[in-house]
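Only one structure is covered here, and it is reproduced in the block below.
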Amino acid sequence: MLDAAGGRTPSTHPALRHCVELLRLHLASPSLAAAKQLHARALRAGVPPSHPLLAKHLLFHLASLRAPPLRYAVAVLTRILPDPDPFSLNTVLRIAASSPRPRACARLLSLRDGERIHAEAAKNGFATLVFVKNSLVHLYGACGLFESAHRVFDEIPVRERNLVSWNSMLNGFAANGRPNEVLTVFRAMMDVDFAPDGFTMVSVLTACAEIGALALGRRVHMYLAKVGLVGNSHVGNALIDLYAKCGSVDDARKVFEEMGTGRTVVSWTSLIVGLAVNGFGKEALELFGVMEREKLVPTEITMVGVLYACSHCGLVDDGFMYFDRMKEEYGITPRIEHLGCMVDLLGRAGKVEKAYDYIVTMPLEPNTVVWRTLLGACAMHKTRRHSGDYVLLSNLYAAVGRWADVHVLRKTMVKDGVRKNPGHSLVELRNSVYEFVMGDRSHPESEQIYRMLAQIAERLRREGYIPRTSNVLADIEEEEKETALNYHSERLAIAFALLKSLPSTPIRIVKNLRVCGDCHTAIKLISKIYDREIIVRDCNRFHHFKGGSCSCKDYW
DNA sequence: TAACTTCGAT
């Protein structure tokens, strides 16, 4: 191919050679400004804008930036369409997938409707190259476009599928709350004897943690030891998180100890957060102290864990002390999560007015979570005006025109009201996880389960248990109320576990919504009556029920 | 020079 002007081949155009050389040199410390400058200079010197070599090197440079500019990358790519080389195509897909908002990037690439880039890739035959397909799987997965991800994955001939193909699939599901799909794909991977690596196993462990599959997690742990992947620090961290999310703090600690020098700040953070959410706030803070003595620098997530621990232990002054130290010693600018912790800290301690003042004067715009934290504090300390608080807050949002928040709040009310949008509970028995939704009769042994439930209700009554029912349920008929409460998904799951599991083992429940006040009281009693340890993980905390009491002391 | 990880306030 000859360049019309100079008769040289494009790749030897001196300005281009120079540009490519400099782009390469700058890779050690990539800079957007430098790249743009070099690009402009090359174009001025007469390098054709659609020159594939220019695009290729420019894109690679952009991809190595900390926050790659997708728009610019797409503009560069567009210049060389419809004949992009696979490398350039792949680089742009990579940039899109790693961006904080992959969905928006996919739209920019017309991936969702029209699927332009995808079609372009297919047209040129490049999509048959496995690494382009892997990037597509990754991008679709990151966007939550699972059908598309699956389709591309299925298009890759089985022999050509590599570890990246499998991991991109698994990661897409794991990062987007689809734990069951992760386990399904992992099984398929095992079926064809594909050897997993650390990336694979992090996705698998994340999935186990999400559904609270402790027994499965233990088996995975043993497998990891067998294949020698326990030394991988990412895997170790995922294990700490898994055990903590399954309520097994001792196991989390053990993994942490065994990691030895392989520990990173993420390991410390995972255990600190794990201790805090399990109700071991003091231990979490002690661990943070040890971490500081070891001269490790906490991240903003570490500080979320520390502040969380303070608020759940009622350590108001310590909370403020850590908050100040976070800013001054570690130079971390508070994010909305940290401010949310501070509101929770004040609110839980009964300083509701102060919490409100804090919200209106804080440097960031409060979001729904912050308001809801305040609402939680109101509910905690003025329980009688509970449903009134919803209305009050709803009006407050409406008054300032925050209709989205009004909508979220209404949804919360419906959710708490349990009439629509039922909560579900997961319970693990040996190697399987069973799911129950309120009033569910789809389980093959549901007759037996409901008989058990009736027995439990009877014994609860004899213990003097009277459901209070929350005000949100006020518009439900008396009889329906009783049904709603007795058939809450966690109760079905507990009845099932009482029937089926070994009496010596704790019952572990994972619930998507919060345990309601009545169920909390009921489960306390059940733990006493049936002399069973019951561990419930709900949307934001753990409840360890034993002998009629619960580890969470602070809100019921 | 072609990929992807783990921890987060209600």
Side-chain angles (χ1 to χ4, degrees), chain A residues 23-24 27 56-57 59-61 63-64 85-91 93-94 97-98 129-139 141-142 162-172 174-175 197-206 209 232-242 244-245 252 264-274 276-277 298-312 334-345 347-348 366-377 379-380 408-409 412 415-416 513-514 538-541 555:
Chain A
L23 281 170
R24 275 225 190 103
L27 268 182
K56 185 172 151 179
H57 286 273
L59 288 171
F60 189 70
H61 193 95
S64 58
D85 61 297
F87 184 92
S88 300
L89 201 52
N90 192 52
T91 308
L93 290 174
R94 226 155 37 88
S98 64
L129 290 171
V130 69
F131 65 82
V132 176
K133 285 207 170 163
N134 288 345
S135 292
L136 269 169
V137 170
H138 175 214
L139 179 59
N162 58 24
L163 199 51
V164 181
S165 323
W166 288 101
N167 287 353
S168 299
M169 256 330 248
L170 290 165
N171 180 50
D197 67 354
F199 289 97
T200 322
M201 298 320 291
V202 166
S203 293
V204 172
L205 291 170
T206 305
N232 179 314
S233 71
H234 291 286
V235 168
N237 297 339
L239 275 170
I240 294 174
D241 183 54
L242 164 83
K245 284 219 171 85
T264 65
V265 65
V266 180
S267 325
W268 290 83
T269 304
S270 302
L271 190 56
I272 288 169
V273 172
V277 298
T299 66
E300 51 187 30
I301 305 173
T302 318
M303 296 316 295
V304 168
V306 168
L307 297 176
Y308 185 95
C310 291
S311 78
H312 286 258
R335 307 215 332 195
I336 196 72
E337 288 91 339
H338 302 111
L339 298 170
C341 286
M342 302 312 283
V343 172
D344 193 49
L345 185 68
R348 256 175 221 282
N367 62 8
T368 4
V369 179
V370 170
W371 286 117
R372 216 176 304 159
T373 305
L374 183 69
L375 175 67
M380 202 190 300
V408 169
L409 188 66
T412 313
K415 238 161 72 175
D416 290 348
L513 299 177
R514 227 186 232 231
D538 70 11
C539 58
N540 62 353
R541 64 197 299 114
Y555 76 111

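Chain naming here is simple, since letters A, B, ... match the order of the sequence lines and numbering starts at 1 in each. Please read these numbers as outputs of a predicted model, since none were measured by experiment.
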Base, sugar-phosphate, or nothing: which does [X] touch, judged by heavy atoms less than 4.0 Å apart?
{"X": "A:Thr373", "answer": "sugar-phosphate"}
{"X": "A:Arg335", "answer": "base"}
{"X": "A:Leu170", "answer": "nothing"}
{"X": "A:His138", "answer": "sugar-phosphate"}
{"X": "A:Asp241", "answer": "sugar-phosphate"}
{"X": "A:Thr269", "answer": "base"}

### Task
Output all residues satisfying side-chain contact (heavy atoms from CB on, under 4.5 Å) with A:Thr299, sequence neighbours left out; order by chain, then residue number.
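Listed in chain order: A:Val265, A:Thr269, A:Ile301, A:Thr302.
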When you get a sec, tell me which of [options] is the closest nucleotide to the side chain of [X]?
{"X": "A:Glu337", "options": "B:dC7, B:dT1, B:dA9", "value": "B:dA9"}
{"X": "A:His57", "options": "B:dT1, B:dT10, B:dA3", "value": "B:dT1"}
{"X": "A:Lys56", "options": "B:dT1, B:dC4, B:dT10", "value": "B:dT1"}
{"X": "A:Val273", "options": "B:dT1, B:dA3, B:dC7", "value": "B:dC7"}

Could you state the [atom1]-[atom2] distance from [X] to [N], rounded to the nearest angstrom?
{"X": "A:Phe60", "N": "B:dT1", "atom1": "CZ", "atom2": "P", "answer": "9 Å"}
{"X": "A:Arg541", "N": "B:dT10", "atom1": "CZ", "atom2": "P", "answer": "8 Å"}
{"X": "A:Tyr308", "N": "B:dT10", "atom1": "OH", "atom2": "P", "answer": "5 Å"}
{"X": "A:Leu375", "N": "B:dT10", "atom1": "CG", "atom2": "C1'", "answer": "9 Å"}

Presence of [X] side-chain N/O under 4.0 Å of [N] phosphate oxygens OP1/OP2:
{"X": "A:His312", "N": "B:dT10", "result": "yes"}
{"X": "A:Arg94", "N": "B:dC4", "result": "no"}
{"X": "A:Lys245", "N": "B:dT6", "result": "no"}

### Message
So, under a plain 3.5 Å distance rule, would you say the side chain of A:Asn367 forms a donor-acceptor pair with the base of B:dA9?
### Response
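Per atom types, the contact qualifies.
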### Message
Let's go through A:Ser270 and A:Asn237 carefully: what are the C-alpha distance in whole Å and the side-chain angles of both, what is the deciding distance for side chain to side chain donor-acceptor pair (under 3.5 Å) to 0.1 Å, and is it a yes or a no?
### Response
CA-CA 7 Å; A:Ser270 302; A:Asn237 297 339; 5.3 Å; no
### Message
Can you confirm whether the side chains of A:Ser135 and A:Asn90 place a donor and an acceptor under 3.5 Å from each other?
### Response
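Side chains of A:Ser135 and A:Asn90: pair found under 3.5 Å.
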### Task
Using only heavy-atom distances, determine whether the side chains of A:Thr200 and A:Asn167 contain a donor-acceptor pair under 3.5 Å.
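Their side chains do contain a donor-acceptor pair, which is all the 3.5 Å distance test asks for.
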### Task
Output all residues satisfying side-chain hydrogen bond (donor to acceptor under 3.5 Å, both in side chains) with A:Ser165, sequence neighbours left out; order by chain, then residue number.
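side-chain hydrogen bond (donor to acceptor under 3.5 Å, both in side chains) list for A:Ser165, sorted by chain: A:Asn134, A:Asn162.
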